[in-house]
Structures are given as C-alpha cells and as structure tokens.
Amino acid sequence: MPKLNSTFVTEFLFEGFSSFRWQHKLVFFVVFLTLYLLAIMLSISETCYTVPIATQSCATQLFFYLTFGINNCFLLTVMGYDRYVAICNPLRYSVIMGKRACIQLASASLGIGLGMAIVQVTSVFGLPFCDGFVISHFFCDVRPLLKLACTDTTVNEIINFVVSVCVLVLPMGLVFISYVLIISTILKIASAEGRKKAFATCTSHLTVVIIHYGCASIIYLKPKSQSSLGQDRLISVTYTHHSPTEPCCVQPEEQGGQRCSAQSRGAKDSVSLMKRGCEGFSFAFINMY
C-alpha cells in the first residue's frame, strides 16, 4: 500500500556515477570518451552529473532497452546455431540457413523481445512511486525502479526473475549444446591446421557470448538479498557499452575462419556466401541495440 501523506512522483533523477569517488569518475570518463568520441557530452553527464528524466521517457527507454537487449540474447543463440550448422553440417548449410530461415529467426528474436519488454514495463510502471525519485543507475532498469516503489514488489520480483531465466538461462543452454556438438566435430578433423582454423571460427562469437550472458546473469539472476546497485552499475557498463562493438568483434572471422572450416568439408563457397548474408541480417538488429 502507498504510504500516507506522500507525494506521488512524476519524474526521476539519475544518480549516474555522481556518488563514486573522483578517481573512479576519471577512469569512467576516459573509457566512455574512448568508446564514444562523438558523444563527449554524454560521457560527461554519465560520469559527473545527475540527469532528470520524466517517468514517460523512463518507461520508453526501459521498453527499448529490454526489447533490443532480449532480442540480442536470442540473436546470439541464433548465431551459435548458425555456426553449428556451418561446421557440423556444411553441405546442407544453404538449405537449412537460407534467407527465409534467417528472416524467420531474426523476426522471432525481435518478437520475443517485444513481448517480454511489454510484460516487464507494464509490471514496473503499474507500481506507485512516492517520495523516492533518484535512480541509482545511469539508465532506467528494472531493479533500480523496483527499489523506488512504495508498495510490495514481490510479484514484480518474481516476474522479473522468470523473464530473466527465460531470456538468459534458456539461450545459454542452447548455445552450450551447440558448442558441445561443434567441439566434438572439430576434434574429429584429422588436420591440426584444420582444427585450429575451425576453432578460430567460433572464438569471437564465444567471447561476446561470455561477456554478454555472464554480465547480464550476474545482475539479473542473483538473489535479491545479494543485490548491490553500485556493483550492478559497474557491471552494466561492460555489457551495455561493449554491444556497439559486437559486429566488429564477430564479423572479421567470417573473412577467414568460417571459410576455412567450410573448405575442409568441401563447401567453402556456398557456406561463406550464405553465412555472410544470414549474419549480416542479424547484425542489422544488433546495431539497433
């Protein structure tokens, strides 16, 4: 129940990193400035000042953050399956991962993101926010907002946990199964050079998967009793600011590793051509996030 004699909140205030020590602020400023040379003012505001945002704008930001974040989780799973087909079944790659399949998988990922984002945003902003209005974060996220609610949030915490399990645990499990099958296939390659090139095919994608799922899992899957908004803020920097570089991290391998792994199975041209087309479609969605 809302507290008596309390004023309902109509806007929030980002705390950002203003409560951190100046040494930490300096480090974050340099990191942000390096990653976003064209967004210097944004870096200054994130590391040094509090930034006001209306509740409607906060809800909109949370909606798009969740939509593209969840979409990104499932796209990484799709890429894992894509690599499984390319390495374990290259002769049928063009049939299994055709243009239609790529569009369907990417659309399904976006649809899941939209659906779960609507559930989360509706759940969070259906709560009353009374006296507290300072968000201990540098963007609108579920847990910091739930801490500001002036009513019991048990049901909302359960909804957030269930969504987090579906978005993180299920895709991670599928990626893990894909890589178990991939590694078992690679180990059967007789040539040491062939195995090396095949492993190089998956290195970049696996690195992105570990960073993205690892950081997100620490924030969204740990018990509420162990939750620390300060720690969550630091971890969020990793998986939110590395996302724009994901295509740069993953795509270079297509110019060498994947073509080599396909070549050892006699399907070099068809696999590399279809793979660039399919993952190029996925990268378009990741760039949106």
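What you see is a predicted model; the values in this text were computed from it and never measured.
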Evaluation steps, side chain to side chain contact (heavy atoms under 4.5 Å, CB included), between Y65 and V121: CA-CA 10 Å; Y65 165 72; V121 172; over 6 Å; no
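- Remark: F125 pairs with no residue by the ring-ring contact (aromatic ring centres under 6.0 Å, His included) rule, at least two apart or across chains.
- Partners of C140 under the disulfide bond (SG atoms under 2.5 Å apart) rule, at least two apart in sequence or in another chain, are C58.
- Pairing each heavy atom of S217 with each of M172, the nearest pair is OG-CE, 3.4 Å.
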Residues L105, M97; criterion side chain to side chain contact (heavy atoms under 4.5 Å, CB included); working and verdict: CA-CA 10 Å; L105 289 170; M97 298 300 292; 3.9 Å; yes
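- Side-chain contact between L170 and V165 is absent, with no heavy atoms from C-beta onward closer than 4.5 Å.
- Between the side chain of T77 and the main chain of C73, a donor-acceptor pair closer than 3.5 Å is present.
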Chi angles and distances behind the side chain to side chain contact (heavy atoms under 4.5 Å, CB included) call for L76, Y213: CA-CA 10 Å; L76 289 173; Y213 287 132; 3.8 Å; yes
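- Side-chain contact between I183 and F199 is present, with heavy atoms from C-beta onward closer than 4.5 Å.
- Residue pairs meeting the ring pair (Phe, Tyr, Trp, His ring centres under 6.0 Å) criterion with at least one partner in residues 163-187, sequence neighbours excluded, are Y179-H205.
- Contact of the M116 side chain with the C166 side chain is registered, since non-hydrogen atoms from C-beta on lie closer than 4.5 Å.
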Candidate pair F74 and L110, rule side chain to side chain contact (heavy atoms under 4.5 Å, CB included), full reasoning: CA-CA 8 Å; F74 284 95; L110 183 59; over 6 Å; no
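- Side chains of V175 and Y81 form no contact here, defined as non-hydrogen atoms less than 4.5 Å apart.
- Between I186 and I87 there is a side-chain heavy-atom pair separated by less than 4.5 Å.
- Using a 4.5 Å cut-off on side-chain heavy atoms (C-beta onward), I159 and Q120 make contact.
- Residues forming a side-chain hydrogen bond (donor to acceptor under 3.5 Å, both in side chains) with S184 (at least two apart in sequence, or on another chain): none.
- Checking side-chain atoms of Y84 against main-chain N and O of N89 turns up no donor-acceptor pair under 3.5 Å.
- S164 pairs by the side-chain hydrogen bond (donor to acceptor under 3.5 Å, both in side chains) definition with nothing, not counting sequence neighbours.
- Of the options V78, N72, L114, a side-chain contact (heavy atoms from CB on, under 4.5 Å) to S109 is made by V78 and by none of the others.
- Here the options are I211, I210, V209, the test is side-chain contact (heavy atoms from CB on, under 4.5 Å), and the partner is T207; only I211 passes.
- In this structure, R92 contributes its side chain and V85 its backbone to no donor-acceptor pair below 3.5 Å.
- Take S123 and apply the side-chain hydrogen bond (donor to acceptor under 3.5 Å, both in side chains) test, not counting sequence neighbours, and it matches N156.
- Considering all non-hydrogen atoms of both residues, Y220 and L168 come closest at CB-CD1, 4.2 Å.
- When all heavy atoms of I182 and C202 are compared, the closest pair comes out as CG2-SG, 4.0 Å.
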